[in-house]
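Residue numbers begin at 1 in each chain, while the letters A, B, ... track the order of the sequences.
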2 protein chains.
Amino acid sequence: MQSPVGIRDVAQRAGVSPGTVSNVLNRPEKVSAETRAKVEAAVRELGFVRHGSASTLRAGHSKTIGLSVIDIGNPFFTDVTAGVEEVASELGYAVILCNSAGSRTKEERNLLVLAEQRVRGVLITPSDEDPTRLDRLRERGISVVLVDHPAHRPDQCSVAVNDIVGGTTAVNHLRAGGATSIGYVTGPLTIRQCIDRRTGAERALGGAVPLRVTEMPAMTPRAGQEAAAKMIAEGELPDAIFCANDLLALGVLRGLMHAGIRVPEDVALIGYDDIDFVAASAVSLSSIRQPTHQLGRVATELLLDECDHPGTHAHQQIMFQPELVVRESTR
Amino acid sequence: MQSPVGIRDVAQRAGVSPGTVSNVLNRPEKVSAETRAKVEAAVRELGFVRHGSASTLRAGHSKTIGLSVIDIGNPFFTDVTAGVEEVASELGYAVILCNSAGSRTKEERNLLVLAEQRVRGVLITPSDEDPTRLDRLRERGISVVLVDHPAHRPDQCSVAVNDIVGGTTAVNHLRAGGATSIGYVTGPLTIRQCIDRRTGAERALGGAVPLRVTEMPAMTPRAGQEAAAKMIAEGELPDAIFCANDLLALGVLRGLMHAGIRVPEDVALIGYDDIDFVAASAVSLSSIRQPTHQLGRVATELLLDECDHPGTHAHQQIMFQPELVVRESTR
DNA sequence: CCACAACTTTGAAACGTTTTTCTACGTCGG
DNA sequence: CCGACGTAGAAAAACGTTTCAAAGTTGTGG
């Protein structure tokens, strides 16, 4: 274990002062080409690696942002993450990825870690509506951008996709296919996405028939399968089922097939998110597509703009529109 | 933006010295119950959050580990990540998740970021065999545990699954089903997993017939679909196809079905990893299951043991065995 | 040849913790 | 009642960078 080499070792080797080395590292344009070359050589020869903590401590801010998602196991969020990472690394930022796994406690602990790390900003898909945690972050000078969640206030940025429209689109499509009674399999109805998609679905029904809601504690294939079993056990299946996300839909599909129920002949099925895997599923699934990658990219651009140009930054609430993708499961 | 509250503000409020506050934070047992209560109250009232950088700087180490994976979009790695996170947060460590996306350059940059952050240790699924990057980390006092990659040296920990056995198992299964000519669709043959699985496959063939290898630059459904198209265009399909992972297999399945080729009647198909989605695919896919979650958990336990008990820690190279899961695609 | 500007580089202070040493106080045994 | 011992808390010195004012250097015009 070699003795740690610091900026002063580099300075000594290059025959300059520590301040100059710091300048080479942070504002190379302030330093003459000749000196810069000497310093860079010394850095290379000594294998110097900047001590991020010391740097953050003194400078008062880091080149790091936090990303807190609800479920890292959901391909929807992995796609968003990929978009975030792209933009962040283009602008020289590192990303600390946290998974709240739908638990408010875990989310809170993750945000604490991010606050301790003095990240420059946080991208978050909040697990509930309560804004106080985020306000506390903002009070500390940490910018926050909401991802996949519209901000209700003008003083913060957000990037979202219209879930009400998505729900309406899905159910309209099911009704156009001839369905009259429609089921909605959803995750916890404390999650905004689940609520909005339901609202959209009900709007499409216009009160003519009630939406038959099956609420599950998780949004996973397993939960979907259980939902299907439950619906079957309760008797009288709806003509069509709308699932709050594709993972649930895959599970429901599996559950239905397992019970010998045909999709779409007996029951039509549509999911949400259009993750890669649904196109290859047993019966390829219709879904509502969202611009996931774009969501991540734009959110990060907003966040970093807010961090790097706090003066000129204008808060924006961006709302994308979802898109219907029709496949076998609703034909 | 409130003025930042530091440990001395807390100290003043509680009527003690900064050192005592630090003790309350880090070794509460050293402080009398009475004083501790006063300090904790002050912390709460002032909303104090420890400055992680200052702490790391002075203490010389952080409560953070890094996790560098090859492809965050692959459910295999998300499962591993979940296992890692579980153990890490149980022991009070935060995880910085990096995605090298199969690019050596990105991996290097990520490791640099981790080194700058002075993480305590790194879990890594290396993108190639070159050990020098990792040796450099270790020289800096950053422990490294290899994940899904066996260590060839006794001085480092690793957790892996026997991919040669996996390859052999897969191909034996295909041959038992009557296949004589066998194709292998793989990602870059610079990746150890791809190489080992091929080796295992060839071993199962025993040189009787050559393994027909189709190498793709990525291991994604898209690449799989392209591989299928390519094989079809080249004529004469094999009886059975073994894919180096499930994402490729899903793509191959889609590609075959698109061309009207039936699975398993015309071509049998088996993947690798047994990710959640393959059970629900058009034709449910046979696969080779690995103890993913366990992989993450054990790797993290080893790493943190190495970090927290450097004296007594014994390096271990752990090798799990994979397991065949038979579904429709090979019946 | 001097004054002045423009540009580089230096040196030291500061960032907020942790850690080590040291002091003060109370307790206990002789 | 005295001295030794043990404990809780205080005080101050780091940790490795960045920053900022000041000093140094070079070039230009009068």
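Between the NZ atom of B:K30 and the P atom of D:dA10 there is a distance of 16 Å, rounded to whole Å. One interatomic measurement links the two molecules: CD of B:E29 to P of D:dT7, which rounds to 13 Å at whole-angstrom precision. When the P atom of C:dT17 is taken as reference, atom CG of B:L25 falls 9 Å away, rounded to whole Å. Per the geometry, CZ belonging to A:R50 stands 10 Å off C1' belonging to D:dT18, to the nearest Å. Atom-to-atom, CD1 of B:I7 to C1' of D:dA14 comes out at 15 Å; the value is rounded to the nearest Å. Following rounding to the nearest Å, B:H51 (NE2) and C:dA14 (P) show an atom-to-atom distance of 17 Å. Between the C1' atom of D:dC15 and the CZ atom of B:R118 lies a distance of 11 Å, rounded to the nearest Å. Summarising the geometry, the separation between CG on B:N23 and P on C:dT19 is reported as 9 Å, rounded to the nearest angstrom.
No hydrogens or angles considered: a donor-acceptor pair under 3.5 Å links the side chains of A:T35 and A:S32. Neither side chain, B:Q317 nor B:S158, offers a donor N or O lying under 3.5 Å from an acceptor on the other. Between the side chains of A:E86 and A:H293, a donor-acceptor pair is found at a separation under 3.5 Å. A donor atom on one side chain and an acceptor atom on the other are found under 3.5 Å apart for A:N26 and A:S22.
With D:dG16, C:dT18, D:dT18 as the choices, the nucleotide that has an atom nearest any side-chain atom of A:L57 turns out to be D:dG16.
In this structure, A:T20 reaches the bases: a heavy-atom distance under 4.0 Å links it to at least one base atom across the strands shown.
Judged by distance alone with a 3.5 Å cut-off, no donor-acceptor contact links the side chain of B:R58 to the base of C:dT17.
Nearer the 5' end of DNA chain D, as judged by each residue's closest nucleotide, is the contact made by B:S32, out of B:S32 and A:R8.
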